[in-house]
Amino acid sequence: MYSSKITGLGFYVPENIVTNDDLSKMMDTNDEWIQERTGIKERRWIKEGSGDSTSVMGAKAARKAIERAGLTKDDIDFIVFATLSPDMYFPGGGVEIQEMLEMPTIGALDVRNQCSGFVYAMSVADQFIKTGMYKNILVIGSENHSGGLDKTTRGRNVSVIFGDGAGAVVLSRSEEEGKGILSTHLHSEGKHAKELVLEGPSTGRWVPEIIENNDPDDISYYPYMNGQFVFKHAVTRFSEAILEGLEKNGLKPDDIDLLVPHQANLRIAQFIQKKFKLNDDQVYNNIMYYGNTTAASVVIALSEAWEKGKIKDNDLVVLAAFGSGFTWGSVFIRW
Ligand code: UT7
């Protein structure tokens with residue numbers, strides 16, 4: 001059986017920096033509250049007219065990943081694209097990226113697992129490579145949150161957290177034993193679907209119905225989050241997903257060279273770091289500068305850590321995520 005390894009990675013974030021002070025001009029919030037509760041100092045939001053969108057950013061990140069893998073677009077056999085903020089209701093963004101990159105008519109699969117999207121996408125791609133079906137798969141996470149947030153005081157508990165951006169990796173077939181993706185672990189618990197949700201537009205909450213009701217209190221087309229409830233589940237499930245991978249691979253927490261957690265909230269990452277007794281060099285966080293970019297967050301952080309030389313050959317790199325669904329999971333990689 002083959003194994004799969006990351007051969008190229010890259011990320012792209014919009015140029016437009018939005019600070020906490022900028023937000024305090026749009027809604028009743030302040031830098032102190034945001035930093036204390038989330039660790040976020042600033043985030044990137046797409047500027048109108050810049051041409052960026054979820055798929056455009058995904059394509060930009062993908063180009064870098066393909067180039068760094070030493071490949072061309074024609075070497076890619078398949079696309080797995082994760083987002084919760086697609087450019088269109090349908091079709092999904094995977095096909096847009098296939099077109100933007102002028103790729104041959106390869107398959108493109110969209111993954112809808114929110115903050116766990118990239119972890120799920122990596123697991124899917126890993127299976128296709130392990131079975132021998134594909135050799136090089138482009139795995140992308142991209143989000144345009146700023147286009148769909150309630151930027152008034154009403155939406156402040158959600159809108160201050162989220163940022164825009166994209167990241168991509170090329171996952172390639174490898175025959176090196178004990179290297180590459182060691183294992184992936186995926187979970188969900190749908191009974192909490194409505195604790196972090198965007199209900200409409202959907203077939204359950206259709207646009208004409210929202211317009212007809214013309215109800216100023218109907219904000220079901222904005223994301224809703226039961227923050228404290230989500231926080232409590234996040235710390236538990238993150239830990240479980242990491243422990244599961246450690247046990248499966250006969251490893252202990254101290255074997256982790258770099259944990260790249262989904263950038264949901266710096267406090268969550270710090271809790272996990274403390275729980276597993278990891279030092280600062282063993283955990284990579286960049287939520288301070290990009291906010292929570294959901295399906296893009298793990299891959300942006302992974303790419304940035306790699307660009308900064310924080311990942312060496314043979315390192316044990318652990319990706320872990322938790323989010324809306326609820327869904328959660330981890331990816332264990334021997335680099
Ligand atoms: O990525 C997917 C997974 N997501 C997560 O894991 C996020 C998990 N949750 C969280 O990170 C936190 O719950 C938040 C950062 C979202 C919120 O922090 P919190 O400590 O749970 O605050 P809270 O929602 O309990 O609100 C505390 C107070 C409230 O005021 P009162 O009722 O105490 O007077 C809120 O109205 O803070 C107020 N508040 C704000 N104040 C200033 C809420 N949002 C803001 C804001 N600025 N942006």
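Remember, it's 1-based here, ligands and their atoms both numbered in the order they're listed.
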State whether Trp306 and Lys312 meet the cation-pi test: NZ (Lys) or CZ (Arg) under 6.0 Å from the six-membered ring centroid, and within 45° of the perpendicular axis. no
With a cut-off of 6.0 Å (strictly less than), are more than 12 heavy atoms of other residues, nucleotides or ligands near OH of Tyr89? yes
Met225 heavy atom under 4.0 Å from ligand 1: yes
Is Ile268 in polar range of ligand 1, meaning some N or O pair under 3.5 Å apart? no
With a 4.0 Å heavy-atom cut-off (strictly under), which part of Arg267 contacts ligand 1: side chain, backbone, both or neither? neither
What is the ring orientation for His187 with Trp328, classed by angle as parallel under 30°, tilted 30 to 60°, or perpendicular over 60°? parallel
Where is the nearest protein heavy atom to atom 30 (O) of ligand 1: which residue, which atom, and how far? Arg156 NH2, 4.5 Å
Side-chain donor-acceptor contact under 3.5 Å, Asp52 with Tyr12: yes
His192/Phe229 aromatic ring centres below 6.0 Å: yes
Check each atom of ligand 1 against the heavy atoms of Phe231 and keep those under 4.0 Å away; list them by number with element. 8 (C), 9 (N), 10 (C), 11 (O)
Within 4.0 Å of some non-hydrogen atom of Asn265, the atoms of ligand 1 are 10 (C), 11 (O), 15 (C)
Within the 4.0 Å heavy-atom cut-off, what Trp33 brings close to ligand 1 is side chain
With heavy-atom distances below 4.0 Å as the criterion, list the atoms of ligand 1 near Ile161. 16 (C)
I'd like to check whether Asn292 has a polar contact with ligand 1, where a contact means an N/O of the residue lying under 3.5 Å from an N/O of the ligand. yes
Do any non-hydrogen protein atoms sit less than 4.0 Å from atom 34 (O) of ligand 1? no
Quick note on ligand 1: atoms under 4.0 Å from a heavy atom of Thr38 include exactly 15 (C)
Atom indices of ligand 1, in the order listed, that fall short of 4.0 Å to a heavy atom of His262: 1 (O), 2 (C)
Taking only heavy atoms of Leu196 into account, list the atoms of ligand 1 that are under 4.0 Å away from them. 2 (C), 3 (C)
Donor on one side chain, acceptor on other, Ser330 and His185, under 3.5 Å: no
CD (Gln35) with more than 12 external heavy atoms under 6.0 Å: yes
May I ask you to check whether over 12 heavy atoms, not counting those of Asp254, lie within 6.0 Å of atom CG? no
Proximal atoms of ligand 1 relative to Asn157 (non-hydrogen, under 4.0 Å): 16 (C), 43 (C), 44 (N)
Any nitrogen or oxygen of Ser324, side chain or backbone, less than 3.5 Å from one on ligand 1? no
Only residue of Lys151, Arg156, Arg154 satisfying salt bridge (charged side-chain N to carboxylate O under 4.0 Å, His left out) with Asp28 is Arg156
If we number the atoms of ligand 1 from 1 as shown, the ones under 4.0 Å from a heavy atom of Val160 are 48 (N)
Ignoring hydrogens, just give me the one of Val230, Val158, Ile34 whose non-hydrogen atom is nearest atom 5 (C) of ligand 1. Val230
Is there a donor-acceptor contact under 3.5 Å linking the side chains of Glu304 and Asn286? yes
Tell me which protein heavy atom sits closest to atom 2 (C) of ligand 1, plus the residue, atom name and distance to 0.1 Å. Cys115 SG, 3.0 Å
Looking at atom 24 (O) of ligand 1, tell me if a protein heavy atom falls under 4.0 Å from it. no
From CA spacing to verdict: salt bridge (Lys or Arg N to Asp or Glu O under 4.0 Å), Asp315, Arg334: CA-CA 6 Å; Asp315 273 357; Arg334 180 65 67 190; over 6 Å; no
